[in-house]
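Read through the structure below, which is laid out as structure tokens, and then see the notes.
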Amino acid sequence: FLVEYQDARSYFVDPGEIRNNTTINENDIQQLFVSATSQDFFSTGLRADVHVGRINMDMGRRRLVARNVFRNTVNAFDGAHFMLSRSKAWSLRAFITKPVVRELTRLDEPFAQAGSLFWGTYYTNQQLSWLQTDLYYLGIQDQNTTANQRKYSTFGLRLFKGPRVGEFDYEIESDWQTGRRGTREHFAHFQHVEAGYTFNRPWQPRFVALYEYASGTANPNGRYDQTFDSLFGVR
């Protein structure tokens with residue numbers, strides 16, 4: 001059983017400075033959940049974890065689902081999260097939640113509309129140190145204003161080798177989104193390519209080169225929405 005309390009405020013604000021729910025979330029419950037763990041799930045030798053309640057989540061490189069560590073307030077979700085894993089070889093995660101709306105001075109609540117959901121599955125394989133894999137699907141359906149209602153499916157693949165002293169590393173991630181935004185059809189994508197090397201020197205400096213591309217909407221008044229949505233990732 002875990003409870004996490006947060007009181008995020010902004011003091012000495014200059015006139016005209018933007019104050020919104022990325023900086024202010026007064027007197028609130030950040031996490032509140034019960035959890036259970038099995039080290040031998042149904043005698044399979046697998047570990048199983050389940051969390052139910054208000055939770056935070058980090059997935060992959062945290063580009064699409066993350067617990068914020070720099071922003072003054074933190075993404076939270078009300079729902080259930082399940083993970084099945086074998087030591088450090090692989091893991092499979094699944095969740096279904098309602099995103100929490102951060103209120104400046106009132107208690108946070110999930111999206112009030114019954115149809116607002118965020119769900120997905122995330123598979124990670126770490127059996128090969130030089131070729132680790134993330135494969136995932138994320139779905140979102142929210143009921144904001146009619147013009148901005150999102151109903152997306154995001155499909156992603158990530159191939160990577162983590163940084164190690166005296167070795168080269170790399171990362172390739174590709175995301176594709178389909179669905180609708182308001183009355184418009186939505187199709188967008190995001191690409192990331194990275195290569196680096198960590199030197200065996202004092203402070204272990206690392207040189208890295210990377211390229212990122214995210215699609216955008218060519219005609220804001222047209223039939224198609226092509227702007228990639230980073231969902232609940234960190235910037």
Side-chain angles (χ1 to χ4, degrees), residues 1-10 18-37 47-85 88 90-111 116-124 126 132-142 144 150 152 154 156-158 160 162-163 171 173 175 177 190 192 194 212 214 228-235:
F1 175 76
L2 182 143
V3 178
E4 179 182 358
Y5 166 82
Q6 183 181 38
D7 187 17
R9 302 184 183 227
S10 180
I18 296 176
R19 303 179 70 198
N20 55 29
N21 63 6
T22 66
T23 57
I24 299 173
N25 191 7
E26 297 181 6
N27 291 317
D28 234 306
I29 302 299
Q30 181 57 45
Q31 292 192 92
L32 174 61
F33 64 79
V34 294
S35 67
T37 299
R47 170 173 171 156
D49 296 89
V50 62
H51 297 73
V52 179
R54 177 162 296 180
I55 58 178
N56 298 156
M57 297 184 290
D58 274 333
M59 294 190 174
R61 279 295 294 273
R62 307 170 63 249
R63 294 187 175 103
L64 299 179
V65 186
R67 173 186 168 94
N68 312 82
V69 294
F70 180 77
R71 196 180 71 191
N72 207 36
T73 62
V74 182
N75 297 327
F77 308 89
D78 286 353
H81 174 274
F82 176 77
M83 183 171 72
L84 192 67
S85 62
K88 296 183 180 180
W90 59 267
S91 64
L92 177 64
R93 305 169 66 178
F95 65 93
I96 181 167
T97 64
K98 294 176 74 69
V100 173
V101 178
R102 295 181 304 277
E103 302 286 354
L104 273 67
T105 57
R106 296 184 300 155
L107 283 176
D108 294 346
E109 297 178 357
F111 283 143
S116 297
L117 290 173
F118 180 52
W119 69 96
T121 57
Y122 203 102
Y123 172 76
T124 298
Q126 298 176 303
Q132 300 182 53
T133 305
D134 288 346
L135 184 66
Y136 50 92
Y137 163 78
L138 304 171
I140 187 169
Q141 174 178 297
D142 64 31
N144 293 325
R150 298 177 296 174
Y152 298 159
T154 303
L157 172 66
R158 177 173 171 246
F160 63 100
E171 181 186 11
E173 186 163 12
D175 292 310
Q177 283 179 342
F190 167 83
H192 174 94
E194 175 181 319
E212 287 187 341
F228 184 78
D229 191 318
S230 57
L231 302 177
F232 301 97
V234 294
R235 299 297 182 265

Is there a donor-acceptor pair closer than 3.5 Å between any side-chain N or O of Asp134 and the backbone N or O of Leu157?
no
Quick one: pull up OG in Ser85 and CZ in Arg93 and give me the separation to the nearest 0.5 Å.
10.5 Å
Among Val50, Val3, Ile55, which residue satisfies the side-chain contact (heavy atoms from CB on, under 4.5 Å) criterion with Phe33?
Ile55
Begin with the C-alpha distance, continue with both residues' side-chain angles, and end with the deciding distance and a verdict on side chain to side chain contact (heavy atoms under 4.5 Å, CB included) for Thr133 and Phe160.
CA-CA 7 Å; Thr133 305; Phe160 63 100; over 6 Å; no
Has the side chain of Gln6 got a donor or acceptor atom that lies under 3.5 Å from a matching backbone atom of Asn72?
yes
Could you tell me whether the side chains of Arg61 and His192 share a donor-acceptor contact shorter than 3.5 Å?
no
Donor-acceptor contact present, side-chain Asp7 to main-chain Asn27, <3.5 Å:
yes
Distance-only side-chain donor-acceptor flag, Asp49 / Thr37, under 3.5 Å:
yes
Measure across Val234 and Ala66 and return the closest heavy-atom pair with its distance rounded to 0.1 Å.
CG1-CB, 3.5 Å
Which residues pass the side-chain contact (heavy atoms from CB on, under 4.5 Å) test with Val69, sequence neighbours left out?
Arg62
Could you state the interatomic distance from NE2 (His51) to CE (Met83), rounded to the nearest 0.5 Å?
8.0 Å
For Ala214 and Phe228, the nearest pair of non-hydrogen atoms, with its separation, is CB-CB, 4.3 Å
Checking the side chain of Asp175 only, and the main-chain atoms of Phe190 only, is there a donor and an acceptor separated by less than 3.5 Å?
no
Are Tyr122 and Leu135 packed together at the side-chain level, in the sense that at least one heavy-atom pair is separated by less than 4.5 angstrom?
no
Here the gap from Thr121 atom OG1 to Tyr136 atom OH, rounded to the nearest 0.5 Å, amounts to 11.5 Å
Keeping to residues at least two apart or across chains, list the ring-ring contact (aromatic ring centres under 6.0 Å, His included) pairs with something in residues 90-109.
Phe95-Phe118
Checking the side chain of Asp58 only, and the main-chain atoms of Arg67 only, is there a donor and an acceptor separated by less than 3.5 Å?
yes
Sub-4.5 Å side-chain heavy-atom contact between Asp28 and Arg54:
yes
Salt bridge (Lys or Arg N to Asp or Glu O under 4.0 Å) for Lys98 and Asp78? Distances and angles first, verdict last.
CA-CA 5 Å; Lys98 294 176 74 69; Asp78 286 353; over 6 Å; no
Heavy atoms only: give me the nearest Arg158-Gly60 pair and the separation to one decimal.
NH1-CA, 3.9 Å
Please report the closest heavy-atom contact between Gln132 and Gly162, naming both atoms and the distance.
NE2-N, 4.3 Å
Of all heavy-atom pairs linking Phe77 and Pro99, the shortest is CD2-CA, 3.9 Å
Closest approach of Leu138 to Val65 (non-hydrogen atoms, all atoms of both residues)
CD1-CG2, 3.9 Å
Interatomic spacing from OG1 in Thr23 to CG in Asn20 - rounded to 0.5 Å:
5.0 Å
To the nearest 0.5 Å, what is the distance between CG (Leu231) and CZ (Arg150)?
6.5 Å
Measuring from Leu64:CG to Glu173:CD, what's the distance to the nearest 0.5 Å?
6.5 Å
So, using side-chain contact (heavy atoms from CB on, under 4.5 Å) as the criterion, who are the partners of Arg71 when residues are at least two apart?
Thr22, Asn68, Thr73, Asn75, Arg102
For the pair Gln31 (side chain) and Leu2 (backbone), establish whether a donor and an acceptor sit closer than 3.5 Å, ignoring hydrogens and angles.
no
